[in-house]
There are 2 protein chains.
Amino acid sequence: MTHHLTGHSAMPSGQVSHCQGCSLCSHCLPLGLAYEDLERFDAIILRPRPLKRGAPLVRQGEPFTSLYVVRSGSFKQVVADAGHREHVTHFLLPSEVVGLDAVGEAVHPTSVVALESSFVCELPFGSLEALGDRLPALRGALYRCMSQELHRDQRLHCLLAFATAERRMASFLLGMSERHAARGYSPYGFQLAMSRADIGSFLGLALETVSRLMSRFQRHGLLQVSGREMTLLDLPALEALAEQGESRR
Amino acid sequence: MTHHLTGHSAMPSGQVSHCQGCSLCSHCLPLGLAYEDLERFDAIILRPRPLKRGAPLVRQGEPFTSLYVVRSGSFKQVVADAGHREHVTHFLLPSEVVGLDAVGEAVHPTSVVALESSFVCELPFGSLEALGDRLPALRGALYRCMSQELHRDQRLHCLLAFATAERRMASFLLGMSERHAARGYSPYGFQLAMSRADIGSFLGLALETVSRLMSRFQRHGLLQVSGREMTLLDLPALEALAEQGESRR
DNA sequence: CGCATCCTTGACCGCGGTCAACAGTCGTGG
DNA sequence: CCACGACTGTTGACCGCGGTCAAGGATGCG
């Protein structure tokens, strides 16, 4: 990873670190802000912060002060279960927002950990709120983010409650594919930044089952996988698996 | 149910229909508003609306205009799955907010259906937003509602991903108990307004399994159940089932 | 009273969890 | 450079939880 340390900031200085120069801008939180509003939004951002693989961005129980937006890399959101077991509840890709489950709360209910070397933009929530008073579009964007996450959780609920392992796996892969595609990358090939155990934890499957399913999908020509390098070969077939399979009640 | 129809309104007229006269006020959305602010909040509420068992409060795909607060009765939130199957994602009790998953969206992503004769207060979202500009406490309350729902969904994710049927059932019953207790009712005895099939759909279990588990819990002296009348006899034992059971990975 | 809906209980068996052994891959130090 | 251990991923064998099917009982409404 190439990051130079200029002063105490960790990104190349100049325009590049601003929203206008960021390739994710059109998919990011400030979506739909007018140019001069964007500049005001830009002004409240604390400049990108680097995290290494395994480093926590926020820790469960820490006081809530800021939202973060993933600028590059990826993260997993984990909760320490009552049974002291860790459980992955979400994966976060570039342009996605971290900390919405803590908005309006005193502390973070989950931890968020880098899966690889990553950068995040920090948005102090106080500043964001103040700016939201003047820019209804920004507040609307925040609402939309939160409700979309609620909606996404509902679909996940359906998946975990009723889908077979095969269907969960197919849905997961298609979801990753979509999210990559939405950011301008290929929907067919991508790197899985997370381990089989993380995927299993997220989908409610044993890691062995994750591994077996990937092998089976490969054997059937649906995809090509080697370690964490994933290539989806037959999206329609995967969609058929993800949507049809009227298995469990 | 005792409700007189006075004119076209379906609640006793006068103070009773205002927040100040509502027994749920201290648990409800306007929690923590000062007296005169509460009056302004009260002014934007569309007076309680009655729904019969099975009647939809909002339908999936309908345009979003208002939030609702359950005043009495109960509801289930359902999504029409990709596989054309209906799936229960939440149950809603008095003082809980309906429609947060649609805030900032054009349409409702889920339907909400009355499980029994119920009343709701309607909060037009536009008015709520406008009032929120002047009452930071109100906006904060809205944020808190949304993030709490996100947090709740995370715990549900853990439950569905890893818990055995027994543990899901125990958690569900304890959750209902807590929510009843939070509203000043007994944590031990309550009516289940939903069918076994609804519970199963929510927990990702076959309705037969729900029935079997209730029978087993009763056999072991943990509770007393007769149809939809539920009495929890041994909360500590249920908590042990809900929290310990380190079953699946 | 009769039909519909909801609930209960039993019998069976398949999906996927668990345990176990082994194969790659990477980073570290001799 | 290779040897070593730690970690991650793959594959097989086994079996138990819980889904499915089926039958019968309870409850309620027209």
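Here is how names work: the chains are called A, B, and so on, in the same order as the sequence lines, proteins then strands, and each is numbered from 1. Reckoned from all heavy atoms, side chains included, excluding hydrogens, waters and symmetry mates. This is a predicted model, so every value here is computed, not measured.
Sequence neighbours left out, the pairs with a member in residues 175-191 of chain A that pass salt bridge (charged side-chain N to carboxylate O under 4.0 Å, His left out) are A/Glu96-A/Arg179, A/Glu96-A/Arg183.
B/His87 and A/His157 have perpendicular rings, their planes meeting at more than 60° on a 0 to 90° scale where under 30° would count as parallel.
Between C/dT8, D/dT10, D/dT20, one nucleotide has an atom nearer to the side chain of B/Ala206 than all others, and that is D/dT20. Side-chain proximity of B/Ser215 to the nucleotides D/dT10, C/dT8, C/dG16 is greatest for C/dT8. For B/Ser195, counting side-chain heavy atoms from C-beta on, the closest listed nucleotide (C/dC7, D/dG19, D/dT11) is C/dC7. Of the candidate nucleotides D/dG19, C/dG16, C/dT9, C/dG16 has the atom lying nearest to any side-chain atom of A/Thr164.
Side-chain atoms of B/Glu208 and base atoms of C/dC7 include no donor and acceptor less than 3.5 Å apart.
The CZ-C1' distance, from B/Arg85 to D/dG19, rounds to 12 Å in whole Å. One interatomic measurement links the two molecules: CG of B/Leu192 to C1' of C/dC6, which rounds to 14 Å at whole-angstrom precision. The distance from atom CD of A/Glu229 to atom C1' of D/dT8 is 17 Å, rounded to the nearest whole Å. One interatomic measurement links the two molecules: CZ of B/Arg167 to C1' of D/dG18, which rounds to 16 Å at whole-angstrom precision. Nucleotide C/dC6 holds its C1' atom 15 Å from the CD atom of B/Gln191, rounded to whole Å. Computed from coordinates, the A/Arg53 CZ to C/dC26 P distance equals 12 Å when rounded to whole Å. Protein atom CG of A/Leu207 is 13 Å distant from nucleotide atom P of D/dT11, rounded to whole Å. In this structure, the CG atom of B/Leu203 is 12 Å from the P atom of D/dG18, given to the nearest Å.
You'll find the side chain of A/Leu156 reaches within 4.5 Å of the side chain of A/His90, heavy atoms only. Residues B/Met176 and B/Met230 form no side-chain contact, since every pair of their non-hydrogen atoms from C-beta on lies 4.5 Å or further apart. B/Arg85 places none of its side-chain heavy atoms less than 4.5 Å from the side chain of A/Phe162.
Between A/Phe202 and A/Phe91, the distance separating the two ring centers is shorter than 6.0 angstrom.
Residue-level contact check: B/Ser211 touches the bases, meaning some heavy atom is under 4.0 Å from a base atom.
For the pair B/Thr209 and D/dG19, the criterion of a side-chain N or O lying under 4.0 Å from OP1 or OP2 is met.
Inter-axis angle, ends of the helix from C/dC1-D/dG30 to C/dC26-D/dG5, five pairs per end, rounded to 10 degrees: 40°.
With a 6.0 Å radius and a threshold of 12 heavy atoms from other residues, nucleotides or ligands, A/Arg59 has its CZ atom at or below the threshold.
Map A/Arg228 and A/Arg212 each onto its nearest nucleotide of DNA chain D; the residue landing nearer the 5' end is A/Arg228.
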